[in-house]
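Hydrogens, waters and symmetry mates play no part in the numbers below; they use all other heavy atoms, side chains included. Atoms within each ligand, like the ligands themselves, are counted from 1 in listed order.
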Amino acid sequence: MTTDCLFCKIAVGEIPAEKLYEDGDMLAFRDVAPQAPVHFLVIPKKHIQDPANVTTDDETLIGKMMRVGSQVAKENGLTDFRLVYNNGAEAGQSVFHIHMHVLGGRSLSWPPG
Ligand code: AMP
């Protein structure tokens with residue numbers, strides 16, 4: 001845990017979140033500012049800053065994020081959905097604990113702005 005990290009605090013329950021899934025190393029919770037009818041985040045409990053800081057040791061964990069995100073998407077009624085990782089401020093990252101956005105429930109345009 002990194003003490004000044006918002007998502008580490010959510011991971012240990014110090015800050016509340018609307019949890020959709022939790023196990024020993026992973027958590028999914030609704031985004032506080034949803035950009036689609038269904039919008040939640042999947043995080044590892046381990047602090048990893050961003051995709052660029054994923055190591056070979058993290059590969060299983062990062063793959064699991066996709067499986068869990070897809071499973072929770074289906075449980076929330078989605079068949080079509082988008083998975084997004086932002087890496088760095090210019091790409092839109094505002095919380096520097098790796099997270100995967102899962103968005104769905106409306107038509108999503110491409111490319112993103
Ligand atoms: P990003 O901009 O890719 O770093 O995404 C961070 C996301 O975290 C944004 O979509 C925020 O709305 C969301 N967020 C920030 N604080 C919270 C919180 N306390 N609970 C749930 N989601 C949050």
Side-chain angles (χ1 to χ4, degrees):
M1 160 148 183
T2 301
T3 49
D4 60 352
C5 171
L6 172 64
F7 286 176
C8 282
K9 288 180 179 171
I10 288 177
V12 299
E14 264 181 41
I15 291 178
E18 191 178 339
K19 295 178 187 177
L20 299 174
Y21 175 91
E22 183 168 18
D23 65 22
D25 56 20
M26 197 148 292
L27 186 64
F29 55 96
R30 290 196 194 280
D31 196 294
V32 76
Q35 302 301 311
V38 178
H39 183 184
F40 62 90
L41 305 172
V42 182
I43 65 165
K45 292 185 174 178
K46 174 185 176 182
H47 184 84
I48 301 169
Q49 181 177 303
D50 53 30
N53 280 283
V54 169
T55 69
T56 52
D57 287 347
D58 302 320
E59 287 175 358
T60 301
L61 187 64
I62 299 302
K64 183 177 168 183
M65 290 173 75
M66 181 172 287
R67 180 182 66 72
V68 166
S70 298
Q71 175 190 314
V72 175
K74 288 177 202 160
E75 289 167 0
N76 282 268
L78 300 181
T79 52
D80 297 357
F81 49 88
R82 182 172 293 172
L83 308 178
V84 176
Y85 288 87
N86 294 323
N87 188 93
E90 196 171 340
Q93 188 176 8
S94 60
V95 179
F96 291 87
H97 178 126
I98 193 169
H99 50 280
M100 186 178 75
H101 294 260
V102 183
L103 299 127
R106 67 170 172 82
S107 185
L108 298 166
S109 60
W110 190 264

Are side-chain heavy atoms of V38 and L103 found at a separation under 4.5 Å? no
Below 4.0 Å, non-hydrogen atoms only: which portion of N86 touches ligand 1? Side chain, backbone, both or neither. side chain
Under 4.0 Å from a heavy atom of F7: which atoms of ligand 1 are those, numbered in the order shown and with their elements? 8 (O)
Shortest protein heavy-atom distance from atom 4 (O) of ligand 1, along with the residue and atom involved: S94 N, 2.6 Å
Do D23 and Y21 meet the criterion of a side-chain donor-acceptor pair at a distance under 3.5 Å? yes
Close side-chain approach of D50 and Q93, heavy atoms under 4.5 Å: yes
Using only atom types and a distance under 3.5 Å, with no angle test, would you say the side chain of N87 pairs donor to acceptor with the backbone of A52? yes
Expected output: side-chain K19 to main-chain R30 donor-acceptor under 3.5 Å: no
Between ligand 1 and L41, can you find any atom pair, the residue atom being a heavy atom, that is separated by under 4.0 Å? yes
For ligand 1, find out whether one of its N or O atoms is nearer than 3.5 Å to an N or O atom of D31. yes
Give a yes/no verdict on whether any heavy atom in E18 is under 4.0 Å from an atom of ligand 1. no
Taking only heavy atoms of L6, which atoms of ligand 1 are found under 4.0 Å from at least one of them? 16 (N)
Donor-acceptor pair, N76 side chain versus V72 backbone, under 3.5 Å? yes
For atom 19 (N) of ligand 1, what is the nearest protein heavy atom, given as residue, atom name and distance? I10 CD1, 3.9 Å
Can you list the atoms of ligand 1 that are under 4.0 Å from a heavy atom of A33? 12 (O)
For G92, state whether at least one heavy atom is located under 4.0 Å from any atom of ligand 1. yes
Using a 4.0 Å heavy-atom cut-off, say whether V84 meets ligand 1 through its side chain, its backbone, both or neither. neither
Any side-chain heavy atom of I98 sitting closer than 4.5 Å to one from I62? yes
Does only the side chain of F96 get under 4.0 Å from ligand 1, or the backbone, or both, or neither? Count heavy atoms. neither
Is V32 in polar range of ligand 1, meaning some N or O pair under 3.5 Å apart? yes
Stepwise side chain to side chain contact (heavy atoms under 4.5 Å, CB included) test for F40 and H101: CA-CA 6 Å; F40 62 90; H101 294 260; over 6 Å; no
Check ligand 1 against H99 and write out every atom of the ligand that is under 4.0 Å from a heavy-atom position of the residue. 1 (P), 3 (O), 4 (O), 5 (O), 6 (C)
Using 30° and 60° as the class limits, which term best fits the ring planes of H47 and H97: parallel, tilted or perpendicular? perpendicular
Are F29 and F7, when compared by the centres of their aromatic rings, separated by less than 6.0 Å? yes
Region of R30 engaging ligand 1 - heavy atom pairs below 4.0 Å: backbone
